[in-house]
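Labels below follow one simple rule: chain letters A, B, ... track the order of the sequence lines, proteins then strands, and each chain is numbered from 1.
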Amino acid sequence: MAKEKQQLKYGDAIEEIEKILKQIENEELDVDDLTSKVKRVSELLSLCKKKLRTTEEEVENILKDIEAE
Amino acid sequence: MAKEKQQLKYGDAIEEIEKILKQIENEELDVDDLTSKVKRVSELLSLCKKKLRTTEEEVENILKDIEAE
Amino acid sequence: MAKEKQQLKYGDAIEEIEKILKQIENEELDVDDLTSKVKRVSELLSLCKKKLRTTEEEVENILKDIEAE
Amino acid sequence: MAKEKQQLKYGDAIEEIEKILKQIENEELDVDDLTSKVKRVSELLSLCKKKLRTTEEEVENILKDIEAE
Amino acid sequence: MAKEKQQLKYGDAIEEIEKILKQIENEELDVDDLTSKVKRVSELLSLCKKKLRTTEEEVENILKDIEAE
Amino acid sequence: MAKEKQQLKYGDAIEEIEKILKQIENEELDVDDLTSKVKRVSELLSLCKKKLRTTEEEVENILKDIEAE
Amino acid sequence: MDNKLTLLELNQRIKETLNREFQSTYWVIAEISELKINRKGHCYLDLVEKDELGDRIVAKAKGIVWSYTFRMLKPYFETTTGREFKQGLKIMVNVSVEFHELYGYSLYIHDIEPSYTLGEIARRRLEVIKKLEDEGIIEMNKQLPLSQVPQKIAVISSKTAAGYRDFIEQLNNNPYGYIFYSKLFPAYMQGDEAEDSIIKALEKIYQYEDLFDAVAIIRGGGAHADLGCFDQYHLAANVAQFPLPVITGIGHEKDESVVDMTAHTKMKTPTAVADFFVSKAYEYEEKLLGLRDVVVERTNQYINLENQKLRNLYSQIYPNVKSILEKSRNILEIRKEKFLHIHRNFLNKKQQNLTAYSKKLVSSYELSFQKNFHELKNYERNIGNLVRNYMKSQKKHMENLAKAKEYLDPKNVLKRGFSITQKDNQTVKSSRQVKKGDTIKTCLYEGKLVSQIDYTEKEENIITGKK
């Protein structure tokens, strides 16, 4: 997961989330797999959130520099 | 059975239930087998319920985590 | 017979009954045989009744469990 | 960047800034790329500002020379 | 430039100056080109000034002669 | 120049001077040409003045040769 | 033939009659066709009258002005009219009719009315002018362009005239030192030959047309000169149509002559003509100098203007560049401002998306769970029904079988008194199956009978009624 965090693109993560949500919605998933899939979505959401937070911080830092100019 | 619980998929269980129910409906069963079949359905239903409940708990925990974030 | 009870399937018993009844109807039986065949039918019917009763009891018990849930 | 400073045209820099702004506005960017793009815009803004300052100084010097004649 | 001084007509020089000024006015120039264009204008103005001064002197001499007659 | 003296017509001289004047007035002259044109005016003036005051033997001879009576 | 008379007698009677009939004097209008003055100063004239066309003489008379009268009358006439008293003139004279036996009829002229001649001259002058106008040539010479500097001048004058000398003097000694080239073409400037002489001179000049800038016709001196030739049609027409501009300096005291009118320029005296040429040259030089001044001024203005232009151009550079830079800065600033905020929207939207996803996850999971749960409940509900139906069906089937068995069981038939007869374990259903003496076995509800057949009977079926 640590590695994935680095490698998985935000956009791909969102795509995966959407795919799983669609599967749940269309009842394409076995109840047995549901837990793991929900867990996966949860992880991806968490990853995305983290990415958003990190990005925001980085961007804010860069922008602070611009504004200072 | 304990082992089966682990192995039998929820979806397969539902399928088996439906098959047995159909056999009963179509009187394709020997009376001698009825008891065992009904017992089987009972067990499968029980298994499914348990799976559902377990899943619900797990998922709810995960979701709680997501929402907590 | 006790053994047969265990071995003879309900379905087979019903089949035998129906076969004998057809023979009687078609008068394919000697009077002497007739008596013994009728006797056989009586026994089989009795067996089946018993099976039905037993099955019903057992099944009801299981159903009760299911429905109680 | 030092080399680019020499080569990138002011107009092209502005164009690139606007392109990136449009991408951000239209959410055509992956979140992962946002930081690098923001950094790029920041650099381009800085480059443009520098170019403006340098140009002003150079022009002022040239004009001073004319007047001195 | 030394050669050009000889060859470029005063009128053409003025025309070029005006063209460049118009380009500057109409913002048709990239900021990067501004310096070189201003330099060019500066050179042309210088050339024109020199031409004018020379002409003025020459004409004055001729006119002095005319009026002396 | 000697030849022109013979050929120069008073009217043409005025006309040429006026033409040059008009060019100067209308700024149709390149500054580069100004000197030469002013010089030309100077020459014409000088020529005309001379023509007005200097006897041309040639003319006198022709007149002398005319048999008036 | 009593009335024969000598010539003298006749002439005497004519003379008496004329003297009686023409006692007073008469004002008579006539043209002088011949004029002679003898040594004693008497003037003898031939007076004529022509028809309206002026071709034919319709009346003629001799006239005499006695010398004592003529001495007064001639200068009076000439000073008043400016015309020589000579042939060709139309005059109005006061005459007495005289007849001399030897010399015949003649008119003694006592007085003259010059104003009539004046009027006549004016009339003829007007006729000439009208003719010139009608021919469209009166303005022709005036329309010729005069050289800006009329430096080469053909002069028509009398060689000896004072006017000519004055002219040359004035021309050549002009105060500006201008050079003029003049050539004299001599001609009679008065008298009967004047007109032809001047025309001849013009014709000569015409040969050198290209050489000269102008023609000067000058005349001066004699106070009582007769200038009648300058009113003559031919001279005026020649002057008018001459290809070079003609300047006249004829020296009229009163009215201008017709030649003056047709000339390019009329001056009063030869000196004035010379001054005219000098002034033309002077005007030209003034114009030149004027142009020179304008050229000097305009050139300086031009250079100043260019200097101003250069300064203007120079002054435009900085503001323009500054304006570009300012605008560029503003644009940059706007981009920067936009840039500072835009990413927040971006991230906020992404954040909202994430929230939406997690909400959707919960809801879709719950929906799925509900569905599954519901399904299970359905199964639970259905299984009881299905099993009970099944059981019911089985039981029914059983009951049916039991009923069939009861119906088919032979015991129940025998109970009602029927029996089964068998021969050799074969059920006997017809009497034809057995014969007398056969042993048959009869099964009853309870027990069996063994018997021997006594006889057989064919009888109808008891039950079906068939035979």
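Minimum interatomic distance between G/Gln151 and F/Lys51 (heavy atoms only, all atoms of both residues): NE2-O, 3.2 Å. The shortest heavy-atom contact between G/Leu291 and F/Leu21 is CD2-CD2, 3.8 Å. Nearest approach of F/Leu63 to G/Lys183, heavy atoms of both residues: O-NZ, 3.0 Å.
Counted within 6.0 Å of CD on F/Glu57, heavy atoms from surrounding residues, nucleotides or ligands total 12 or fewer; the atom is thus considered open. Atom OH of G/Tyr181 has more than 12 heavy atoms from other residues, nucleotides or ligands within 6.0 Å. More than 12 heavy atoms of other residues, nucleotides or ligands shown are found within 6.0 angstrom of NZ on G/Lys142. Other residues, nucleotides and ligands contribute at most 12 non-hydrogen atoms within 6.0 Å of the NZ atom of F/Lys37.
Between G/Arg298 and F/Val38, the closest side-chain pair of non-hydrogen atoms is not below 4.5 Å. At a threshold of 4.5 Å between non-hydrogen side-chain atoms, the residues G/Leu305 and F/Glu27 count as touching. Looking only at side-chain heavy atoms (C-beta outward), G/Val295 and F/Ile20 stay at 4.5 Å or farther from each other. With a 4.5 Å cut-off on side-chain heavy atoms, F/Ile66 and G/Leu211 count as touching.
Salt bridge G/Glu285/F/Arg53: present, at least one basic N to carboxylate O contact under 4.0 Å.
If you measure heavy-atom distances from G/Ile205 to chain F, you find no contacts under 4.5 Å at all. Heavy-atom distances place no part of G/Lys200 under 4.5 Å from chain F, backbone and side chain included. Using a 4.5 Å cut-off between heavy atoms, F/Val41 touches chain G through its side chain atoms alone. Residue contact with chain F, scored on non-hydrogen atoms closer than 4.5 Å, involves the side chain of G/Tyr208 exclusively. Interface residue F/Leu52: backbone and side-chain heavy atoms are both found under 4.5 Å from chain G. Of the two parts of G/Phe212, only the side chain, counted from C-beta on, holds a non-hydrogen atom closer than 4.5 Å to a non-hydrogen atom of chain F.
Counting heavy-atom pairs closer than 4.5 Å to chain F, the top residue among G/Ile303, G/Leu289, G/Val149 is G/Val149.
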Chi angles and distances behind the side-chain contact (heavy atoms from CB on, under 4.5 Å) call for F/Val59, G/Lys152: CA-CA 9 Å; F/Val59 179; G/Lys152 286 168 264 178; 3.7 Å; yes
Can you check side-chain contact (heavy atoms from CB on, under 4.5 Å) on G/Leu288 and F/Ile17, steps first, answer last? CA-CA 9 Å; G/Leu288 268 188; F/Ile17 292 171; 3.7 Å; yes
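In this structure, NZ on G/Lys287 lies 11.5 Å from SG on F/Cys48, to the nearest 0.5 angstrom.
A donor-acceptor pair under 3.5 Å is formed between the side chain of G/Tyr284 and the backbone N or O of F/Tyr10. Between the side chain of F/Glu25 and the main chain of G/Tyr302, no donor-acceptor pair closer than 3.5 Å is present.
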